[in-house]
Amino acid sequence: MAFSFLAREAGRVHVCGHRGYSLHYPENTLPAFEAARAAGATTVEIDVVLTADGEPIVLHDLTVDRTTNGHGFAADLSLEQIRRLDAGVRFHPAFAGTKIPTLSEALDWAKADDMGIVLEIKEAERPDIAVDSVAALLRATGTVDRVIVISFDHVLLKRVIERHPDLATEAITHARHADLIGVLKACSANSVSMELDMFHRDDAKALHEAGFSNRLHVPRPDVLAQYWRGGRDPLPELVQWIADGLIDTISGDDVPFIGMLVKRAGRAGGASSR
C-alpha cells in the first residue's frame, strides 16, 4: 500500500521529527532519524542542499559552520570534503564521528524502515538543478510515494510540479492567508505547513474538503512553557483538533512529546512496531 500523508488514508496522524529527533540528537543526521523512528515518528522532516559537485546532501544551512567542525558554503565543498566533516561533535562529544548524510542515504533509510520524508529544498544558488536531482533520486530509489517536497518558495514549488508532475509538494506558510486554498492551487501544492499560532479549525476543514493535507508544527515544551507560566495552555485545544481529524501530520523537535499528543487524542493508529 502506498504511503499517504493524509491521516484518513494512513489510518493515523503522522508524527514528524523536525530534522529528526533534533532536541536530543544532531539534526539532519541518520542517528537523529533513527532516534525519531524509535521514539514513535512515522515521518521526518529533512533539508537538502547541493555540494560543489552537485550531490544532494541533508543539511539545513547553506554553510557547514553551525552544525559541523568545518567552515564554508556547502556549494563550495565537494562531496569528498563534506564526508570528512564531523556533524555530531558540536552537538555533543558523544556523537563525534557522525557524518552529513547524502540524500540517497536518507531515502534508502526511509524505504527500509517504512518512513515518510518531508523534504525541504534549501538550495539557493541552483534550485532547479536541486529539484531535478531530487526527483531523479526519488525515482531511482523507489521513494516517490513516501516523499513530499516542501518550500517557503512557492514559485519554486510550482516549477517542481511543472517539471515533475509525479511529485507531491507542500507549501510552508507562516501567516494565515485570506484564501489558503487559492494559495495552494496557485503553486499546485498538495499540502500546507502551518504554525500552531496560525492554525484555525475552519481552515483545516476547508483544506480537507478540497482534498489537501496539512502539517502543523508545534514548538518545543520549553517554548510552550511561556504559556503555562502565564496560566494558559494551548494543548487541550490542540489535542481536540487532532482527535477531530483536523490535522494530518504534527511536527516538532521533541518527538516523544508530539507523539504523546497524538496518542492522547487517540489518533496514533495501528502501526505498531513503533
State, to 0.1 Å, how close [X] and [Y] come at their nearest heavy-atom pair, and which atoms those are.
{"X": "Val262", "Y": "Val15", "answer": "CG2-CG2, 3.8 Å"}
{"X": "Glu125", "Y": "Ala75", "answer": "OE1-CB, 3.7 Å"}
{"X": "Trp228", "Y": "Pro234", "answer": "NE1-CD, 4.2 Å"}
{"X": "Phe199", "Y": "Ala204", "answer": "CZ-CB, 3.5 Å"}
{"X": "Arg139", "Y": "His164", "answer": "NH2-ND1, 3.0 Å"}
{"X": "Ala41", "Y": "Gly17", "answer": "CB-N, 4.2 Å"}

Query raised in the report: What distance do Asn214 atom CG and Ser193 atom OG have between them, rounded to the nearest 0.5 Å?
Result: 9.0 Å
With a 4.5 Å cut-off on side-chain heavy atoms, are [Y] and [X] touching?
{"X": "His154", "Y": "Thr173", "value": "yes"}
{"X": "Phe152", "Y": "His174", "value": "yes"}
{"X": "Asp254", "Y": "Pro221", "value": "yes"}
{"X": "Arg215", "Y": "Val118", "value": "yes"}
{"X": "Arg163", "Y": "Asp128", "value": "yes"}
{"X": "Pro127", "Y": "Asp153", "value": "no"}
{"X": "Leu107", "Y": "Thr102", "value": "no"}
{"X": "Asp47", "Y": "Arg19", "value": "yes"}

Query raised in the report: When you look at Asp113 and Glu34, which way does the side chain to side chain contact (heavy atoms under 4.5 Å, CB included) test go after all the steps?
Result: CA-CA 9 Å; Asp113 284 332; Glu34 181 54 36; 3.3 Å; yes
Query raised in the report: With sequence neighbours left out, what residues match Arg229 under side-chain hydrogen bond (donor to acceptor under 3.5 Å, both in side chains)?
Result: none
For [X] and [Y], test the side chains for any donor-to-acceptor distance below 3.5 angstrom and give the result as yes or no.
{"X": "Asp53", "Y": "Ser78", "result": "no"}
{"X": "Glu170", "Y": "Ser191", "result": "yes"}
{"X": "Asp203", "Y": "His177", "result": "no"}

Query - side chain to side chain donor-acceptor pair (under 3.5 Å) partner of Asp248, the single match among His208, His14, Arg8 - result: His208
Query raised in the report: Quick one: which of Lys205, Arg201, Arg267 gives a side chain to side chain donor-acceptor pair (under 3.5 Å) with Asp244?
Result: Arg201
Query raised in the report: Is Val223 isolated, or which residues cluster with it under the ILVMFWY side-chain rule of less than 4.5 Å, directly or via members?
Result: none
**Report entry** Other cluster members, Ile57 - Ile/Leu/Val/Met/Phe/Trp/Tyr, side-chain contacts below 4.5 Å
**Finding:** Val49, Leu59, Leu62, Val64, Phe73, Leu77, Leu79, Ile82, Leu85, Ile100
Query - Residue pairs fulfilling side-chain hydrogen bond (donor to acceptor under 3.5 Å, both in side chains) with at least one residue in residues 87-100, sequence neighbours excluded - result: none
Same cluster (ILVMFWY, side-chain, under 4.5 Å), [X] and [Y]:
{"X": "Leu224", "Y": "Ile250", "result": "yes"}
{"X": "Leu6", "Y": "Met194", "result": "no"}
{"X": "Leu50", "Y": "Leu156", "result": "no"}

**Report entry** N-O pairing of Arg83 and Glu80 below 4.0 Å
**Finding:** no
Query raised in the report: How about Tyr25 and Phe91: are their ring centroids closer than 6.0 Å?
Result: no
Query - Criterion side chain to side chain contact (heavy atoms under 4.5 Å, CB included) on Arg146 and Asp114, from CA distance to verdict - result: CA-CA 8 Å; Arg146 67 177 61 251; Asp114 193 26; 3.2 Å; yes
Report summary line: Those residues at least two apart in sequence (or on a different chain) that pass salt bridge (Lys or Arg N to Asp or Glu O under 4.0 Å) with Asp233 are none
Query raised in the report: Under the salt bridge (Lys or Arg N to Asp or Glu O under 4.0 Å) test, which residues partner Lys122, sequence neighbours left out?
Result: Glu120
Query raised in the report: Within a reach of under 6.0 Å around CZ of Arg66, are more than 12 heavy atoms found that belong to other residues, nucleotides or ligands?
Result: yes
